[in-house]
Enquirer: 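Take a look at the following structure, please.
As the structure is a prediction and not an experimental result, all values here were calculated from the model.
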Amino acid sequence: MAAAVAVEGGGARGCLALPLASGRSIPVLGLGTSHQGGYSHDAVVHALQKCGIRHIDTAKRYGCESLLQKAIKESAVKREDLWITTKLWHSDYGYENTKKACLESCERLGVEYLDLYLIHWPDAHVPGKSNREIRAETWGAMEELYEKGLCRSIGVSNFLISHLEQLKEDCVITPHVNQVEYHPFQRPQELVDYCRSRDIVFERYCPLAKGEALTHPTIIQLAKKYGRTPAQICIRWSIQNGIVTIPKSTKAERIQENCKVFDFTIAEDDVDILNGMHDGRHVSWDPSLIL
């Protein structure tokens, strides 16, 4: 695991960052957005102005890139102080489509470059062509966007070892990030280890297992032990495991709570307890059937 480094300006209060192979450093804590009731203008502004959040994660599929432009402008946070991630949806896969989609996302977000651009999903849905062929073609465009500086870092989401191995054979640049479902019930350690062996930073979505983790007796017990909330235990556990973590919330008080995870440490024995809760369940997409 790469050592965490301090973020210039601090990020979320006391936030750290992990270095990427691109030469950039990604804040270990961000704010996720979603298309299913997962966006609030006031919450984003609060996160940026009051919580020190500087890492925002979105996607074309979520339909809120244009809304984020308004919230970022209202927050008055400088562009150079922000880390903005968005994602390419499969309807835009392919060499020319990918380049066009990136420019359109930049326009909606009101930015001249993206800090991180991700291929959202390994299934291409293109008749007459294999997923592998389309992924390689799409990644070729991502490499060009990176080399031109339009995307400061590039990566993938929901990719398993098999998908990454194919990309390794077909392309030149190794993804800088792989964003995958990760929580106490879904801890794909083999994939984490593989990514680290290739200098791919592992990023996590669904850190609270869509709320399922918040009511688990073991997590509640640990929250009481540390005088924290179940959400804070899950987020802190993830960060201590070296995982970039992007919890979603549309409530200012929850975002505030989620950011207060840099002033305590979970003991190694308790980290082991949380690590041992893995049962393989998914609360989001399961990419294991995608060739």
Enquirer: Centroid-to-centroid, W139 to Y146, below 6.0 Å?
Expert: no
Enquirer: Restricting to non-hydrogen atoms, name the atom on E143 and the atom on I173 that form the minimum distance, rounded to 0.1 Å.
Expert: OE2-N, 2.6 Å
Enquirer: Go through it in stages, so that I can follow the logic: the residues are I200 and V156, the test is side-chain contact (heavy atoms from CB on, under 4.5 Å), and I'd like the CA-CA distance, side-chain angles, deciding distance and then a yes or no.
Expert: CA-CA 10 Å; I200 301 169; V156 295; over 6 Å; no
Enquirer: State plainly whether one hydrophobic cluster holds both V45 and V77, where clusters connect Ile, Leu, Val, Met, Phe, Trp and Tyr through side-chain heavy atoms under 4.5 angstrom apart.
Expert: no
Enquirer: Rounded to the nearest 0.5 Å, what separation is found between the CD atom of E74 and the CG atom of L48?
Expert: 10.0 Å
Enquirer: Does L164 reach the side chain of C195, with side-chain heavy atoms less than 4.5 Å apart?
Expert: yes
Enquirer: In terms of heavy-atom contacts, does CD of E107 have more than 12 from other residues, nucleotides or ligands at under 6.0 Å?
Expert: no
Enquirer: Are E96 and K100 close enough for a salt bridge, meaning some N to O gap below 4.0 Å?
Expert: no
Enquirer: Measure from the side-chain N and O atoms of H55 to the backbone N and O of I246, and report whether any donor-acceptor pair falls under 3.5 Å.
Expert: no
Enquirer: Let me confirm one number: the NE2-OG1 distance from H176 to T174, rounded to the nearest 0.5 Å.
Expert: 8.0 Å
Enquirer: Counting C-beta onward and ignoring hydrogens, is there a side-chain heavy-atom pair between H41 and L67 closer than 4.5 Å?
Expert: no
Enquirer: Do you reckon I56 sits in the same ILVMFWY cluster as W89, going by side-chain contacts under 4.5 Å, direct or chained?
Expert: yes
Enquirer: Quick one: side-chain contact (heavy atoms from CB on, under 4.5 Å) partners of Q69, sequence neighbours excluded?
Expert: none
Enquirer: Rounded to the nearest 0.5 Å, what separates atom CD1 in I84 from atom OG in S105?
Expert: 11.0 Å
Enquirer: Count I, L, V, M, F, W, Y as connected when their side-chain heavy atoms are under 4.5 Å apart, and connections chain through other members. Are V172 and Y117 then in the same cluster?
Expert: yes
Enquirer: Classify the side-chain pair E65/T58 by whether it contains a donor and acceptor separated by less than 3.5 Å.
Expert: no
Enquirer: I'd like to know if the side chain of R79 and the backbone of Y113 have a donor-acceptor N/O pair within less than 3.5 Å.
Expert: yes
Enquirer: To the nearest 0.5 Å, how far apart are CD1 in I161 and CG in N178?
Expert: 10.0 Å
Enquirer: Does some side-chain heavy atom of C102 sit less than 4.5 Å from a side-chain heavy atom of L114?
Expert: yes
Enquirer: Where is the tightest heavy-atom contact between V244 and P27, given as atom of each residue plus distance?
Expert: CG1-O, 3.5 Å
Enquirer: What's the shortest heavy-atom distance between L116 and G155, and which atoms?
Expert: CD1-N, 4.0 Å
Enquirer: Could you tell me whether E190 atom CD has more than 12 heavy atoms of other residues or ligands within 6.0 Å of it?
Expert: no
Enquirer: Between H216 and A213 (side chain of the first, backbone of the second, donor and acceptor by atom type, cut-off under 3.5 Å), is there such a pair?
Expert: no
Enquirer: Assess, by modelled atom type and distance only, whether the side chains of Q179 and D57 contain a donor and an acceptor separated by less than 3.5 Å.
Expert: yes
Enquirer: Tell me whether N258 contacts the main-chain N or O of I235 through its side chain, where contact means a donor paired with an acceptor under 3.5 Å.
Expert: no
Enquirer: With a 4.5 Å limit on heavy-atom distance, are the side chains of P207 and S238 in contact?
Expert: no
Enquirer: Spell out, as yes or no, whether a donor-acceptor pair under 3.5 Å connects the side chain of R152 to the backbone of R24.
Expert: no
Enquirer: Which heavy atom of P188 sits nearest to which heavy atom of F202, and what is that distance?
Expert: CG-CZ, 4.1 Å
Enquirer: Determine whether the side chains of W237 and D270 contain a donor N or O and an acceptor N or O closer than 3.5 Å.
Expert: no
Enquirer: Work out which heavy atom in I255 is nearest to a heavy atom in C51; give both atom names and the distance.
Expert: CG2-SG, 4.0 Å
Enquirer: Quick check: is I220 connected to L208 through a chain of hydrophobic side chains (ILVMFWY, heavy atoms under 4.5 Å apart)?
Expert: no
Enquirer: Measure from the side-chain N and O atoms of Y226 to the backbone N and O of A267, and report whether any donor-acceptor pair falls under 3.5 Å.
Expert: yes
Enquirer: How many angstroms lie between CG in N97 and CG in L88, if you round to the nearest 0.5 Å?
Expert: 8.5 Å
Enquirer: Would you confirm whether E137, through its side chain, and G94, through its main-chain N or O, come within 3.5 Å as a donor-acceptor pair?
Expert: no
Enquirer: Do I239 and F262 have side-chain heavy atoms sitting under 4.5 Å apart?
Expert: yes
Enquirer: In chain order, what residues pass the side-chain hydrogen bond (donor to acceptor under 3.5 Å, both in side chains) check against Q256, with sequence neighbours excluded?
Expert: H46
Enquirer: Is any side-chain heavy atom of F159 closer than 4.5 Å to one of L191?
Expert: no
Enquirer: For S284 and E181, which I'm curious about, is there any donor-acceptor pair between the side chains at under 3.5 Å?
Expert: no
Enquirer: Within the side chain of N158, is there an N or O that forms a donor-acceptor pair under 3.5 Å with the backbone of H120?
Expert: yes
Enquirer: How long is the span from the CZ atom in R236 to the OG1 atom in T229, to the nearest 0.5 Å?
Expert: 13.5 Å
Enquirer: Closest heavy-atom contact between T250 and A43?
Expert: O-CB, 3.5 Å
Enquirer: Can you find a heavy atom in the side chain of I219 that is under 4.5 Å from one in the side chain of L274?
Expert: yes
Enquirer: For L103 and L150, what are the C-alpha separation, side-chain angles and deciding distance, and is it a side-chain contact (heavy atoms from CB on, under 4.5 Å)?
Expert: CA-CA 8 Å; L103 290 170; L150 194 61; 3.6 Å; yes
Enquirer: Thinking salt bridges, do R228 and D263 make one under a 4.0 Å N-O criterion?
Expert: yes
Enquirer: Without swapping roles, check the side chain of R204 against the backbone of Y182 for a donor-acceptor pair under 3.5 Å.
Expert: yes
Enquirer: Going through the checks in order, is the side-chain contact (heavy atoms from CB on, under 4.5 Å) test met by F185 and V283?
Expert: CA-CA 9 Å; F185 313 124; V283 298; 5.8 Å; no
Enquirer: Inspect the contact between K87 and D92 and indicate whether a charged nitrogen and a carboxylate oxygen are less than 4.0 angstrom apart.
Expert: no
Enquirer: May I ask you to decide whether R132 forms a salt bridge with E169, counting only side-chain N to carboxylate O separations under 4.0 Å?
Expert: yes
Enquirer: Could you check whether atom CD of E80 has more than 12 heavy atoms from other residues, nucleotides or ligands sitting under 6.0 Å from it?
Expert: yes
Enquirer: Look at atom CD of Q189 and say whether more than 12 heavy atoms of other residues, nucleotides or ligands are closer to it than 6.0 Å.
Expert: yes
Enquirer: Return yes if a side-chain donor-acceptor contact under 3.5 Å exists between E212 and H183, otherwise no.
Expert: no
Enquirer: When you compare the side chain of I119 with that of Y93, does any pair of heavy atoms fall below 4.5 Å?
Expert: yes
Enquirer: Counting N and O atoms only, with roles assigned by atom type, does the side chain of Q232 sit under 3.5 Å from a partner on the main chain of E257, one being a donor and the other an acceptor?
Expert: yes
